Amino acid sequence: MTDLMPPVRRRVHQPVAETWPTLARPRSNPVRRYGAATAIKLIAKDLPATIHLDSNRSYGLGGPAMRVHRTLPFLDRLGHDAGSGFGEAFLAGDWDPEPGTDLADLLVPFAERFSNDETRHLLPKWAQSLRWLVTRSQPGDQENDRAGARENISRHYDLSNAMFSEFLDPTLTYSAAYFGDTAHSDLATASYDELTAAQLRKLDSILDAAGIQSGSRVLDIGCGWASLAIRAAQRGAWVTAITIASQQALLAQRKIADAGVGDRVQVALRDYRDQIGEFDAVLSVEMIEAVGEKYWPVYFEAIERRLAPGGVGVVQAIVMPHERMLATRNTFTWVQKYIFPGGLIPSIKVIEDVTAQHTGLRADVVRHLGADYARTLRVWRNRFIERWPEISALGFDDTFGRMWEFYLAYSEAGFRTGYLDDVQLRLTRR
């Protein structure tokens with residue numbers, strides 16, 4: 001089994017209601033079902049993909065194809081919740097890509113509609129006015145205060161250290177790698193063997209941007225499994241690495257000890273708002289997405305307070321176009337519901353605005369890693385599918401497997417089309 005030929009996941013016929021209560025089929029509503037069917041026709045009218053709704057109805061202009069196995073449940077889910085219904089229908093096994101069609105390749109034409117400056121929407125303008133009927137607002141229980149942030153982070157990062165270890169590279173770096181010249185190469189050639197070198201290149205690019213050298217005092221906010229902290233310590237830096245994911249912190253401490261830098265790195269189970277001290281560099285990699293819009297000013301103020309005179313901050317962030325961020329910031333998406341509760345992806349503009357209005361920091365983009373992230377996600381997804389027997393043996397069912405396969409493919413499609421980007425930002429005092 002190779003990275004180039006990932007196995008096909010077994011179809012899910014019926015999720016266990018006790019395990020996946022959110023996937024219970026919504027109550028049938030003929031009006032909503034008709035609206036969903038009409039929306040599919042409108043979306044597919046000029047879509048370079050094919051939707052086989054049933055044996056008699058197919059829509060689209062050709063290209064990557066999907067097959068709906070259970071039409072009525074599929075339409076019920078779409079008619080009930082526009083933000084989550086399509087992804088939930090995949091989790092429930094209501095549809096699959098046609099054999100030979102890669103899931104991300106199928107999702108790309110949909111993502112392109114959002115990334116196109118002329119459209120930015122799947123539906124025509126007159127139909128967009130009706131979206132409020134099938135759009136859910138963010139629930140109040142995902143607030144990112146101290147208690148809520150710890151709960152939200154734990155639901156993802158404390159899923160299972162063993163599970164993450166199966167598909168991440170040996171450094172356990174869970175963010176975009178930096179492939180350099182090969183980032184735009186054919187994704188069919190993306191190989192797990194190239195991932196570790198690309199992740200180390202990314203870590204070094206962050207340390208270089210921050211000017212980390214021997215003796216530097218470094219704060220790593222949202223340290224993950226400590227790959228960046230370890231790399232900084234190997235340069236001779238003194239590192240404080242903080243996270244609010246308890247299981248993650250335990251494994252991070254073990255990896256630090258195994259790397260022989262336990263005397264230079266301190267791991268603390270601590271919220272970024274509670275950190276004290278002064279540092280030559282403050283680093284934070286793909287954590288801002290979990291902070292929440294309400295707390296973005298607090299986050300950047302915390303970075304500024306921790307910086308010593310002349311200090312530098314480096315933030316690596318997933319971003320989206322500003323207009324899309326404004327349009328979607330109050331909606332409840334599939335990703336928020338199933339993968340990252342309480343999360344919201346910012347735009348570069350909002351980061352610039354928040355830092356200008358609430359801090360004395362200036363944010364400058366050092367590097368764009370959107371294409372690199374697409375390649376990273378393809379490697380992760382291939383590896384996840386390849387290692388699925390080992391992951392399922394940890395206690396995860398097929399619905400969970402489909403959830404993660406969809407999440408990784410959905411994200412890859414976003415980066416491939418430019419709907420999402422990943423940037424490294426250098427923060428200095430104005």
Side-chain angles (χ1 to χ4, degrees), residues 5-15 20 23-26 28-116 119 121-124 127 130-131 134 187-188 334 338 378 381 385 398-399 401-414 416-417 419:
M5 295 291 292
V8 177
R9 181 168 310 291
R10 182 168 60 85
R11 275 181 55 190
V12 171
H13 292 281
Q14 192 62 49
W20 298 93
L23 295 184
R25 179 178 171 180
S28 295
N29 182 312
V31 175
R32 288 180 177 272
R33 186 185 295 166
Y34 176 79
T38 301
I40 289 173
K41 294 178 185 178
L42 292 171
I43 291 168
K45 184 178 179 181
D46 56 355
L47 190 74
T50 302
I51 303 172
H52 296 297
L53 193 57
D54 52 37
S55 58
N56 299 316
R57 291 181 289 178
S58 295
Y59 305 103
L61 301 180
M66 58 176 283
R67 172 72 60 179
V68 178
H69 308 299
R70 295 190 287 263
T71 303
L72 296 184
F74 175 75
L75 294 176
D76 285 339
R77 295 182 200 280
L78 266 61
H80 177 71
D81 187 346
S84 297
F86 187 72
E88 289 184 331
F90 181 78
L91 268 61
D94 293 340
W95 68 270
D96 279 297
E98 284 280 45
T101 297
D102 180 79
L103 180 56
D105 291 347
L106 172 65
L107 297 176
V108 160
F110 294 91
E112 283 176 336
R113 294 284 285 274
F114 287 113
S115 58
N116 187 313
T119 59
H121 298 280
L122 281 171
L123 295 168
L130 302 175
R131 279 183 59 85
V134 291
L187 288 177
W334 182 90
Y338 289 95
R378 175 61 67 96
R381 181 161 56 98
I385 295 172
D398 280 345
T399 302
R402 289 177 72 90
M403 179 175 74
W404 269 73
E405 185 178 352
F406 187 83
Y407 151 57
L408 295 171
Y410 174 91
S411 301
E412 178 190 316
R416 283 169 61 178
T417 59
Y419 179 72

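Hydrogens, waters and symmetry mates are skipped; everything else that's a heavy atom, side chains included, is used. Every value quoted in this text rests on a predicted model; they were computed, and no experiment measured them.
Minimum heavy-atom separation, Pro97 to Thr101: CB-O, 3.4 Å. Nearest heavy atoms, Arg77 versus Leu23: NH1-O, 2.9 Å. Residues His69 and Gly93 share a closest heavy-atom pair of CD2-O, 3.5 Å. Considering every non-hydrogen atom in both Pro109 and Leu47, the closest pair reads O-CD1, 3.7 Å. The two residues Pro48 and Pro64 come nearest to each other via the heavy atoms O-CD, 3.5 Å.
Atoms CG and OG1, from Leu53 and Thr71 in turn, are 4.5 Å apart once rounded to the nearest 0.5 Å. With rounding to the nearest 0.5 angstrom, the OG atom of Ser28 is 11.5 Å from the NE2 atom of His80.
Evaluation of the side chain to side chain contact (heavy atoms under 4.5 Å, CB included) rule for Ala44 yields Ile51, Tyr59 as partners, not counting sequence neighbours. Partners of Tyr338 by ring-ring contact (aromatic ring centres under 6.0 Å, His included), not counting sequence neighbours, listed by chain and number: Trp334. Shown here are the side chain to side chain contact (heavy atoms under 4.5 Å, CB included) partners of Ala413, two or more places apart in sequence or in another chain: Leu107, Val108, Ala111. Annotation: side chain to side chain contact (heavy atoms under 4.5 Å, CB included) contacts of Pro73 (sequence neighbours excluded): Arg25, Arg70, Asp94. Under the ring-ring contact (aromatic ring centres under 6.0 Å, His included) criterion, Tyr407 pairs with Phe340, Trp404, not counting sequence neighbours.
Within the structure, the salt bridge (Lys or Arg N to Asp or Glu O under 4.0 Å) test picks out the following pairs touching residues 44-62 (sequence neighbours left out): Asp46-Arg113, Asp54-Arg57.
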**Prompt:** Hey, mind stepping through Leu75 and Ile40 against side-chain contact (heavy atoms from CB on, under 4.5 Å) and telling me if it holds?
**Reply:** CA-CA 9 Å; Leu75 294 176; Ile40 289 173; 3.7 Å; yes
**Message:** Test side-chain contact (heavy atoms from CB on, under 4.5 Å) on Asp102 and Arg381; report intermediate values, then the result.
**Reply:** CA-CA 11 Å; Asp102 180 79; Arg381 181 161 56 98; 3.0 Å; yes
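Residues Trp20 and Met403 form a side-chain contact, since some pair of their non-hydrogen atoms from C-beta on lies under 4.5 Å apart. Side-chain atoms of Leu72 and Arg33, non-hydrogen and from C-beta on, do get closer than 4.5 Å to each other.
Between Arg378 and Asp105 there is a salt bridge, since a side-chain N of the basic residue sits under 4.0 Å from a carboxylate O of the acidic one. Salt bridge Arg32/Asp76: absent, no basic N to carboxylate O contact under 4.0 Å.
The closest donor-acceptor contact from the side chain of Thr50 to the backbone of Gly60 lies at 3.5 Å or more, if one exists at all. No donor-acceptor pair under 3.5 Å is formed between the side chain of Arg402 and the backbone N or O of Ala92.
Classified by interplanar angle (parallel below 30°, tilted 30° to 60°, perpendicular above 60°), the ring pair Phe86/Phe110 is tilted.
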